[in-house]
Undergrad: 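Before we start, here is the structure in question, set down as structure tokens.
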Amino acid sequence: MSIVARELRINNFDLLRILAALQVVMGHSAWHLGIAQPNWWWLVDAFPGVPVFFMISGFLISASYERSLSVGSYARNRMLRIFPGLWCCLLVTVIVASLFGFRFLRWQAVAWLICQVAGLIYTPHFLKDFGFGSYNGSLWTIPIELQFYAALPVLYWLTRKARNRTALYWLAWGLFFGIALGTSMIFAPLREQAVEPLSHKLLRYSFLPHFYLFLTGVLFQRLQVYRYKWIAGKGLYWLAGYLILVRIIPYSAPVYVAFMLVLAIVAVSIAYSAPTLAHKILRGNDISYGVYIYHGLLINVFVEFGLVGRGVYVALITCLACVAAYVSWIGVERPCLRKKKQTLAPNYAAVAP
């Protein structure tokens, strides 16, 4: 492995992904359990987990694709990362919902199950009364991630003969950043999504308004920004600057889109500041995916039991999500990830400019 490749792979991204997942857990739990937000809650809202996931995904998945010997091995590895954990979560969801009296012996349920297994996430009518109305609301990002995975090889293929591929990546990034800015001004606020037009919903849940975050990660990886002197080891400085911006600049939808770019820099800088910290803490255990996919089901269970309105429930859901995630990691995800083909493209060391 080249020096550049070794530097790339020693980072804190696993730790950042867990923190991002925990932010999503806290935000969703407080929202759906009707818990009042204390004065310090702005710190939780300042670090939205999903955009961090998307940026880190672009960074790591592009590096993974460049290491792959073929599109087939790349696709196989991506499927091993996403689907086994998702299928297990789906099975647990069916069991739990059945215990609450929801019936799955119907054609509507069969069609729904087939779509969920394929990663086409939606909540069927017969589960609308389960919990807070979505069988697992956080899973909306799964089809978007799958779209990212499919779009990346297409992007590389389209630019394969270009003399300056990075310039074309910047051009694509500018296009999708413009799409994100435009759609941010037409999307309905969170509280009004129930009456949002179908065309807006289809756009929201496509990769189009989110792809700029993924491409930001791709560009950061391609440009090796983790080696820049003003990035590596400067995580605390970037973090402090970002928090100042959040406090002094009034919120708006376009401002949020721009802020996510600053947050992307913060994430990469922290990932390569004391880059061995994640390994020392986690010891190779990556429970972020499990925390993310199981917390929605747990919130639904709490709502079904009427356990709402108290802050302690947020802490309890967070702990239970971590336990479920660890079981998923040990029993499902890690064994499947060990089946990934650890192949390395012969020209990998020369891929990044």
Side-chain angles (χ1 to χ4, degrees), residues 21-22 24-29 31-33 49-50 53 76 78-147 149 193-194 201-202 204-205 286-308 313-314 316-337 339:
L22 292 176
V24 175
V25 174
M26 293 177 64
H28 286 174
S29 299
W31 173 262
H32 293 297
L33 300 183
V50 170
F53 280 132
R76 180 178 184 274
R78 292 301 95 220
M79 288 189 290
L80 285 171
R81 185 66 187 99
I82 290 292
F83 285 112
L86 176 64
W87 293 339
C88 184
C89 181
L90 178 62
L91 175 62
V92 173
T93 299
V94 171
I95 294 173
V96 171
S98 297
L99 293 176
F100 282 103
F102 293 90
R103 296 184 296 108
F104 290 86
L105 296 178
R106 57 177 78 184
W107 286 113
Q108 186 184 13
V110 172
W112 170 75
L113 283 169
I114 293 173
C115 289
Q116 306 320 286
V117 167
L120 302 175
I121 306 299
Y122 70 94
T123 298
H125 180 74
F126 72 90
L127 285 180
K128 289 292 185 180
D129 294 328
F130 180 42
F132 58 84
S134 174
Y135 88 90
N136 197 334
S138 59
L139 298 185
W140 69 272
T141 60
I142 297 296
I144 292 177
E145 275 289 338
L146 294 176
Q147 291 173 67
Y149 296 164
Q193 286 184 16
K201 288 185 178 181
L202 292 176
R204 183 193 296 275
Y205 297 119
D286 182 7
I287 64 170
S288 57
Y289 184 51
V291 169
Y292 186 80
I293 64 176
Y294 278 99
H295 80 274
L297 175 60
L298 288 167
I299 294 173
N300 277 329
V301 171
F302 273 61
V303 172
E304 286 289 329
F305 279 120
L307 302 176
V308 299
Y313 295 147
V314 176
L316 187 54
I317 287 174
T318 302
C319 292
L320 291 173
C322 289
V323 172
Y326 185 72
V327 173
S328 175
W329 170 253
I330 296 298
V332 179
E333 297 169 53
R334 187 170 66 180
C336 290
L337 289 176
K339 297 180 180 180

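Any value given below was found using the heavy atoms of this structure, including those in side chains, with hydrogens, waters and symmetry copies removed.
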Undergrad: Is the shortest heavy-atom distance from the side chain of Phe53 to the side chain of Ile144 under 4.5 Å?
TA: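 Phe53 does not reach Ile144 side chain to side chain.
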Undergrad: Roughly how far, to the nearest 0.5 Å, is OG1 of Thr123 from CG of Asp129?
TA: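 Separation between the atoms: 11.5 Å.
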Undergrad: Report yes or no: does Gln116 contribute a side-chain atom to a donor-acceptor pair with the main-chain N or O of Trp112 at less than 3.5 Å?
TA: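 Present.
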Undergrad: Ignoring hydrogens and geometry, is there a side-chain-to-backbone donor-acceptor pair from Ser138 to Gly296 under 3.5 Å?
TA: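 Looks like no, no N/O pair under 3.5 Å.
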Undergrad: Side chains of Ile293 and Cys88: does their closest heavy-atom pair fall under 4.5 Å?
TA: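 Side chain of Ile293 against side chain of Cys88, heavy atoms only: no contact under 4.5 Å found.
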Undergrad: Ignoring hydrogens, what is the shortest heavy-atom contact between Gly290 and Ala325? Give both atom names and the distance.
TA: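 Minimum heavy-atom separation between Gly290 and Ala325: C-CB, 3.4 Å.
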Undergrad: Does a sphere of radius 6.0 Å around CG in Leu202 hold more than 12 heavy atoms from other residues, nucleotides or ligands, not counting ones at 6.0 Å or beyond?
TA: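 Buried by this count: over 12 neighbours within 6.0 Å.
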Undergrad: Verify, without hydrogens or angle tests, whether Gln147 (side chain) and Pro143 (backbone) share a donor-acceptor contact under 3.5 angstrom.
TA: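 At least one qualifying donor-acceptor pair exists.
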Undergrad: Please report the shortest heavy-atom distance between Ile142 and Ile121, naming the atom on each side.
TA: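 Nearest heavy atoms, Ile142 then Ile121: CB-CG1, 4.2 Å.
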Undergrad: Are Phe102 and Val96 close enough, and set up right, to give a side chain to side chain contact (heavy atoms under 4.5 Å, CB included), and what steps lead you there?
TA: CA-CA 9 Å; Phe102 293 90; Val96 171; over 6 Å; no
Undergrad: With rounding to the nearest 0.5 angstrom, report the CD1 to OH distance, Ile287 to Tyr326.
TA: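 Atom-to-atom, Ile287:CD1 and Tyr326:OH are 9.5 Å apart.
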Undergrad: Indicate yes or no for a side-chain donor-acceptor contact from Arg78 to the backbone of Leu146 under 3.5 Å, with no hydrogens or angles considered.
TA: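 Such a contact is absent between Arg78 side chain and Leu146 backbone.
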Undergrad: Evaluate Leu127 against Phe104 for side chain to side chain contact (heavy atoms under 4.5 Å, CB included), listing each step before the verdict.
TA: CA-CA 10 Å; Leu127 285 180; Phe104 290 86; 4.1 Å; yes
Undergrad: Determine, stepwise, if the pair Leu337 / Asp286 fulfils side chain to side chain contact (heavy atoms under 4.5 Å, CB included).
TA: CA-CA 11 Å; Leu337 289 176; Asp286 182 7; over 6 Å; no
Undergrad: What is the minimum heavy-atom distance between Leu86 and Tyr289, and which atoms define it?
TA: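 Closest approach of Leu86 to Tyr289: CB-OH, 3.7 Å.
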Undergrad: Test Leu297 against every option in Leu139, Thr93, Leu90 by the side chain to side chain contact (heavy atoms under 4.5 Å, CB included) rule and name the one that passes.
TA: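 The side chain to side chain contact (heavy atoms under 4.5 Å, CB included) with Leu297 is passed solely by Thr93 among Leu139, Thr93, Leu90.
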Undergrad: Rounded to the nearest 0.5 Å, what separates atom CH2 in Trp329 from atom SG in Cys336?
TA: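 The SG atom of Cys336 is 10.5 Å from CH2 of Trp329, to the nearest 0.5 Å.
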Undergrad: Considering only heavy atoms from C-beta outward, does the side chain of Val94 approach that of Tyr135 to under 4.5 Å?
TA: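 No, side chains not in contact.
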Undergrad: Grab the two heavy atoms, one from Glu304 and one from Phe100, that are nearest each other, plus how far apart they are.
TA: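 Between these two residues, the closest heavy atoms are CB-CE2, 3.5 Å.
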Undergrad: Of all the heavy-atom pairs spanning Val308 and Leu33, show the shortest one and how long it is.
TA: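 Taking every non-hydrogen atom into account, CB-O, 3.4 Å.
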Undergrad: Return yes if some donor-acceptor pair links the side-chain N/O of His32 with the main-chain N/O of Ser29 below 3.5 Å, else return no.
TA: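 Such a contact is absent between His32 side chain and Ser29 backbone.
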Undergrad: Answer yes or no: is there a donor N or O on one side and an acceptor on the other, between the side chain of Asn136 and the main chain of Tyr294, under 3.5 Å?
TA: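 Checked: no pair found.
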Undergrad: Taking all heavy atoms of His295 and all of Ala321, pick out the closest pair and write down the distance.
TA: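 Closest approach of His295 to Ala321, heavy atoms only: CB-CB, 4.2 Å.
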